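Before we start, here is the structure in question, set down as structure tokens.
Keep in mind that what you see is a predicted model, and the values were worked out from it rather than measured.
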Amino acid sequence: MSPGTSILNGNRPEEERTIVGKATRIPLVALSPADSATGPYLDAASGYLGSRSRYNEASDEVLDTLVTYLEEAADM
């Protein structure tokens, strides 16, 4: 855990802790310039896309690669 994360979380219960993203996750879309908590991201380490959630909700979606995502977007 990074020092910044431990300062943010202090003695908070597990469900209220602040989650800091991994350095390998590159955001693809954001709701606003200040939004760093929601939307799709590319995991540079694995090459797969994931979805960020403000509340760290688990996603049941099958992980796509960036190539698959771009092919589907081009077909729309």
Side-chain angles (χ1 to χ4, degrees):
M1 184 181 306
S2 70
T5 304
S6 60
I7 290 169
L8 289 172
N9 289 326
N11 293 323
R12 292 182 184 184
E14 182 73 29
E15 64 275 0
E16 293 180 11
R17 292 187 178 173
T18 301
I19 298 165
V20 177
K22 295 180 181 178
T24 59
R25 294 182 177 177
I26 303 166
L28 297 179
V29 179
L31 297 175
S32 71
D35 180 24
S36 62
T38 60
Y41 66 86
L42 171 64
D43 186 340
S46 69
Y48 286 98
L49 297 175
S51 182
R52 299 171 292 148
S53 167
R54 187 174 309 277
Y55 303 106
N56 200 30
E57 298 160 341
S59 175
D60 295 333
E61 296 179 31
V62 176
L63 297 177
D64 283 334
T65 63
L66 181 59
V67 172
T68 306
Y69 176 79
L70 293 174
E71 285 176 345
E72 289 176 6
D75 290 340
M76 289 183 183

(request) Identify, with sequence neighbours excluded, every residue that meets side-chain contact (heavy atoms from CB on, under 4.5 Å) alongside Ala45. (result) Thr24, Asp43

(request) Check Leu49 against Leu28 and note the closest heavy-atom contact, atom names and distance. (result) CD2-CD1, 3.4 Å

Kindly list each side-chain donor-acceptor pair under 3.5 angstrom involving residues 65-73, sequence neighbours excluded, with atom names and distances?
| unit_1 | atom_1 | unit_2 | atom_2 | d |
| --- | --- | --- | --- | --- |
| Thr65 | OG1 | Thr68 | N | 3.3 |
| Thr65 | OG1 | Thr68 | OG1 | 3.0 |

